[in-house]
Amino acid sequence: MSVGKTTSEGWVTRPCKFCAIVTGAEKSFTVYRDDICVAFLDYRPLMLGHVLLVPLVHYETLADVPDAVMAALGPRIKRLSGAVMAALEAEGSFVALNNIVSQSVPHVHFHIVPRRKGDGLFSAGMIWKRVSYRDDAQRETYAERIRAALAAA
C-alpha cells in the first residue's frame, strides 16, 4: 500500500495523510480497525469524539469505491455511530461524507460526529466549525471510551 495516490500509470503523485495513518507512518488515535477500514479520532474535530472512518485502500472519490467495499462500510459506520453515541452519552450522531468539494483529504472518509440538542454544530449556517482537544491525553481518553463502547456492543 502506498502512502500517496497511485495514478493509472502506477505513479504516486502526492502523499496521502490517511494512507500514512493506515500504514502506521502517521500518528492517530485509532478506535477501530479490521481488514476493510480503520476509524480514528479526527485531528480537527467538529465535536470531541468526532471519528473518521476510512477504507484501508486509497480511493480518492466516492465513484472510485467498489460497490462491495461500500456494502462492507455501511454496517461499520452504523456500529461506530452507536459506539460514539454510547461512549459519549450523545443524543444522536451526524454522519457525513464530502465528495470532491470540501473533501480536505482526497481519500474517501466518513465523519461520525456525536450530537446533542443545542450543540451549535449548525449555528449561524456555519458547518465544520472545529474544536480542539487539550492534548494527546484527552484524545486517548476519548478514543478509549469509544473502543470500550465498541467492545461492549
Side-chain angles (χ1 to χ4, degrees), residues 1-3 15-100 102-124 126-153:
M1 180 175 315
S2 85
V3 292
C16 171
K17 187 164 190 84
F18 292 165
C19 286
I21 288 171
V22 165
T23 64
E26 183 78 31
K27 180 179 180 178
S28 70
F29 291 83
T30 300
V31 300
Y32 179 82
R33 185 182 184 103
D34 63 17
D35 61 335
I36 300 289
C37 63
V38 62
F40 50 90
L41 294 179
D42 191 318
Y43 186 72
R44 294 178 46 239
L46 297 174
M47 300 287 174
L48 300 183
H50 176 169
V51 171
L52 298 177
L53 178 134
V54 305
L56 298 181
V57 174
H58 183 95
Y59 304 108
E60 190 165 316
T61 69
L62 192 56
D64 299 331
V65 183
D67 290 346
V69 173
M70 286 303 300
L73 292 174
R76 288 159 173 84
I77 294 165
K78 178 181 172 182
R79 184 168 178 229
L80 278 163
S81 173
V84 165
M85 290 169 52
L88 305 175
E89 299 175 355
E91 296 172 272
S93 68
F94 173 64
V95 176
L97 171 134
N98 287 312
N99 190 43
I100 305 168
S102 296
Q103 186 179 353
S104 58
V105 177
H107 184 134
V108 166
H109 57 284
F110 294 86
H111 298 262
I112 300 142
V113 183
R115 295 294 314 273
R116 289 177 183 77
K117 291 179 184 165
D119 61 18
L121 182 62
F122 295 103
S123 63
M126 294 296 294
I127 189 170
W128 308 121
K129 180 182 175 214
R130 303 294 179 154
V131 298
S132 297
Y133 291 96
R134 276 190 314 276
D135 52 28
D136 283 354
Q138 187 182 32
R139 282 186 183 89
E140 182 54 39
T141 298
Y142 273 77
E144 178 53 39
R145 288 169 64 184
I146 295 167
R147 286 191 293 265
L150 280 166

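In what follows, every heavy atom counts, from backbone to side chain, and hydrogens, waters and symmetry copies are set aside.
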task = Quick one: pull up CD1 in I21 and CG in L56 and give me the separation to the nearest 0.5 Å.
result = 12.0 Å

request  = Find the distance between CD1 (I112) and OH (Y32) and round it off to the nearest 0.5 Å.
outcome  = 11.0 Å

remark   = Rounding to 0.5 Å, atoms CZ (R76) and CG (D34) come to a distance of 4.0 Å

query = Mind checking whether N98 and S104 have side chains closer than 4.5 Å, heavy atoms only?
reply = no

inquiry  = Would you compute the distance between atom CD1 of I146 and atom CG of L41 and round it to the nearest 0.5 angstrom?
reply    = 5.5 Å

note = Output for pair (R115 CZ, L46 CG), nearest 0.5 Å, gives 9.5 Å

Intermediate values then yes/no, side-chain contact (heavy atoms from CB on, under 4.5 Å), L80 and F110 = CA-CA 11 Å; L80 278 163; F110 294 86; over 6 Å; no

ask   = With a 6.0 Å cut-off on ring centres, are Y59 and F18 close enough?
value = no

inquiry  = Below 30° counts as parallel, above 60° as perpendicular, anything between as tilted: where do the rings of H50 and H111 land?
reply    = tilted

key: Short side-chain to backbone donor-acceptor contact, T141 and A137, under 3.5 Å   = yes

query = Closest approach of L48 and S132, non-hydrogen atoms and distance?
reply = CD2-O, 3.7 Å

inquiry  = Before we go on, tell me: are the rings of Y142 and F29 under 6.0 Å apart, centre to centre?
reply    = no

query = Taking all non-hydrogen atoms of both residues, which atom of E91 and which atom of M85 are closest, and how far apart?
reply = O-CE, 4.1 Å

key: Identified side-chain contact (heavy atoms from CB on, under 4.5 Å) partner of H109 from the options V54, L97, L53   = V54

query = Does any non-hydrogen side-chain atom of V57 lie less than 4.5 Å from one of V69?
reply = no

ask   = Is the CG atom of D135 crowded by more than 12 outside heavy atoms at less than 6.0 Å?
value = yes

query = Do side-chain atoms of Y133 reach the backbone of G49 as a donor and acceptor pair under 3.5 angstrom?
reply = yes

remark   = Tightest non-hydrogen contact, residues H107 and C16, listed as ND1-SG, 3.4 Å

Derivation and outcome, side-chain contact (heavy atoms from CB on, under 4.5 Å), residues V22 and R33 = CA-CA 9 Å; V22 165; R33 185 182 184 103; 4.0 Å; yes

task = Taking the side chain as every heavy atom from C-beta outward, state whether C19 and E26 have any atom pair closer than 4.5 Å.
result = no

key: Any side-chain heavy-atom pair of R116 and L88 under 4.5 Å   = yes

task = Output the distance between atom CZ (R139) and atom NZ (K27), rounded to the nearest 0.5 Å.
result = 7.5 Å

inquiry  = Pair V84, S93 - check side-chain contact (heavy atoms from CB on, under 4.5 Å), show working.
reply    = CA-CA 8 Å; V84 165; S93 68; 5.6 Å; no

ask   = Quick one: are L62 and M70 in side-chain contact, heavy atoms under 4.5 Å?
value = yes

